Visitor: 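Can you keep this structure in mind? I'll have questions shortly.
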Amino acid sequence: MSVDNRLKKIAGMVRRGSTVADIGTDHAYLPVFLVKEGIIDKAFACDVSDGPLENARINIEKSGVSGIITRKGDGLNAVEPFEADTFIIAGMGGDLIARILGASPWIRDEKYDLILQPMTAVEDLREYLCLNGFEIILEQAVKAQNRIYTVMKVRFSGKALESSPLFYFFGKLIDNIGEDELVYINRKRRIIGELAEQIVDIDSQKVKYNRLVEAIEEIDKIIG
């Protein structure tokens, strides 16, 4: 079983000795890795579909590890609130991650660690987190299989606030810019720059355009 840099980065944010619920586990690669490495002893490998759950069961059995329970369920409904303290939601769109969090109000509790790895709509997810009282306490970029991802560790603070376009587009990656973070930032800078050029003359997109320009100007000050 191979575990790429993306999953290793996620695993590196898991607190030792915690109980993990991997939401959308697919093949259960991450729970198996966490148990094998001795980071955790117990995990729930959760998915909404039978196929991925069967793949998870097969891989868990092949790995020879114990302590991993498979669960079928939609989003966080696969587990009870008291069964885990760390919830991993990775490999799906940021808008879907936001919907999963919004569908389970009990997750708004500071005792839970959330490790999120959105594939798309990352800025929408960051905005959702800010406006709904979640704090991104750590965010790092990672390269894997010729792609660049961001991984964030999140906890509920209860302090809902509106942040800046700079934060929505680049998050806490700007706090500690390493090699991977710089790759991610430059890629996102190029994407939003191209988008701004496309909508500059569209009156109905003025608000969005101004947000993009503000983010571009601020990130250019940081990365030169």
Side-chain angles (χ1 to χ4, degrees), residues 6 9-10 13 23-24 75-76 87-105 107-108 114-224:
R6 179 179 67 94
K9 179 67 72 174
I10 294 169
M13 292 190 183
I23 308 301
L76 297 175
F87 295 84
I88 298 172
I89 313 177
M92 59 187 76
D95 50 353
L96 178 55
I97 294 175
R99 289 201 299 273
I100 288 172
L101 297 177
S104 298
I107 202 65
R108 300 186 178 200
L114 307 177
I115 301 174
L116 311 178
Q117 186 273 297
M119 304 294 278
T120 59
V122 184
E123 57 271 18
D124 295 333
L125 176 59
R126 292 195 191 99
E127 185 168 7
Y128 170 85
L129 294 171
C130 287
L131 297 179
N132 286 274
F134 292 94
E135 180 185 2
I136 300 173
I137 57 177
L138 174 65
E139 186 170 5
Q140 297 175 329
V142 60
K143 287 185 284 188
Q145 299 175 355
N146 298 318
R147 294 190 63 180
I148 189 80
Y149 305 93
T150 185
V151 182
M152 55 188 79
K153 188 168 186 176
V154 175
R155 195 170 292 138
F156 185 70
S157 69
K159 299 175 182 177
L161 52 87
E162 188 170 348
S163 193
S164 66
L166 174 69
F167 186 81
Y168 294 151
F169 283 105
F170 300 100
K172 286 214 166 182
L173 295 175
I174 61 176
D175 289 352
N176 188 16
I177 301 177
E179 180 181 342
D180 288 348
E181 286 74 27
L182 188 58
V183 171
Y184 184 98
I185 288 168
N186 281 326
R187 179 181 178 276
K188 179 61 73 172
R189 163 65 174 83
R190 175 179 55 79
I191 290 171
I192 65 176
E194 291 172 353
L195 180 57
E197 290 178 2
Q198 293 170 12
I199 66 174
V200 61
D201 294 322
I202 304 174
D203 289 340
S204 62
Q205 296 291 312
K206 283 299 181 185
V207 172
K208 184 174 184 178
Y209 172 78
N210 289 336
R211 282 164 57 101
L212 295 171
V213 170
E214 180 180 338
I216 290 167
E217 290 175 348
E218 291 301 315
I219 199 62
D220 284 351
K221 292 176 184 177
I222 293 171
I223 65 173

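Quick caveat, the model's predicted, so the values are computed rather than measured.
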Visitor: Before accepting this row, confirm whether a basic side-chain N of the pair Arg211/Glu123 lies closer than 4.0 Å to the acidic partner's carboxylate O.
Guide: no

Visitor: Using 0.5 Å steps for rounding, measure from the CD1 atom of Ile137 to the CG atom of Leu114.
Guide: 9.0 Å

Visitor: Rounded to the nearest 0.5 Å, how far apart are CD1 of Ile223 and CD of Glu181?
Guide: 13.0 Å

Visitor: By the definition side-chain contact (heavy atoms from CB on, under 4.5 Å), identify the one residue from Leu129, Leu138, Leu173 that meets it with Met152.
Guide: Leu129

Visitor: How many angstroms lie between CG in Leu125 and CG in Leu116, if you round to the nearest 0.5 Å?
Guide: 6.0 Å

Visitor: May I ask you to say whether Arg190 pairs ionically with Glu194, meaning some side-chain N is under 4.0 Å from a carboxylate O?
Guide: yes

Visitor: Do Phe87 and Ile100 have side chains that get closer than 4.5 Å, going by heavy atoms?
Guide: no

Visitor: Are side-chain heavy atoms of Leu101 and Asn132 found at a separation under 4.5 Å?
Guide: no

Visitor: CG of Leu131 to CG of Leu161: how many Å apart, nearest 0.5 Å?
Guide: 8.0 Å

Visitor: Give the intermediate values and the outcome of side-chain contact (heavy atoms from CB on, under 4.5 Å) for residues Phe167 and Glu162.
Guide: CA-CA 10 Å; Phe167 186 81; Glu162 188 170 348; over 6 Å; no

Visitor: Return the minimal non-hydrogen interatomic distance between Gly91 and Met119, and the atom names on each side.
Guide: C-CG, 3.3 Å

Visitor: Hey, could you give me the CZ/CD1 distance between Phe169 and Ile192, rounded to the nearest 0.5 Å?
Guide: 5.5 Å

Visitor: For Thr150 and Ala141, indicate whether the former's side chain and the latter's backbone hold a donor-acceptor pair under 3.5 Å.
Guide: no

Visitor: Kindly state each residue pair satisfying salt bridge (Lys or Arg N to Asp or Glu O under 4.0 Å) with at least one member in residues 128-143, sequence neighbours excluded.
Guide: Arg126-Glu139, Lys143-Glu179, Lys143-Asp180

Visitor: Which atoms form the tightest heavy-atom contact between Phe170 and Ala215, and what is the distance?
Guide: CE1-O, 4.1 Å

Visitor: Please check: side-chain N/O of Lys153 versus main-chain N/O of Met13, any donor-acceptor pairing under 3.5 Å?
Guide: yes

Visitor: So, are Lys221 and Glu218 salt-bridged, with charged N and O less than 4.0 Å apart?
Guide: yes

Visitor: Which residue pairs pass the side chain to side chain donor-acceptor pair (under 3.5 Å) test when at least one of the two sits in residues 199-208, sequence neighbours left out?
Guide: none

Visitor: Between Lys172 and Ile136, is there a donor-acceptor pair closer than 3.5 Å when you use the side chain of the first and the backbone of the second?
Guide: yes

Visitor: Measuring only between side-chain heavy atoms, which start at C-beta, is Leu76 closer than 4.5 Å to Ile23?
Guide: yes

Visitor: Tell me the ring pair (Phe, Tyr, Trp, His ring centres under 6.0 Å) pairs involving residues 143-163, sequence neighbours left out?
Guide: Phe134-Phe156

Visitor: Give a yes or no on whether the backbone of Asp124 and the side-chain of Glu127 come within a donor-acceptor separation of less than 3.5 Å.
Guide: no

Visitor: First locate atom CD1 of Ile89, then atom CD1 of Ile10, and finally report the distance between them rounded to the nearest 0.5 Å.
Guide: 11.0 Å

Visitor: For the side chain of Tyr128 and the backbone of Asp95, is there at least one donor-acceptor N/O pair under 3.5 Å apart?
Guide: no

Visitor: Could you walk me through whether Val213 and Glu217 satisfy the side-chain contact (heavy atoms from CB on, under 4.5 Å) test, starting with their C-alpha distance in whole Å, then the side-chain angles of each, then the deciding distance to 0.1 Å, before giving a yes or no?
Guide: CA-CA 6 Å; Val213 170; Glu217 290 175 348; 3.5 Å; yes

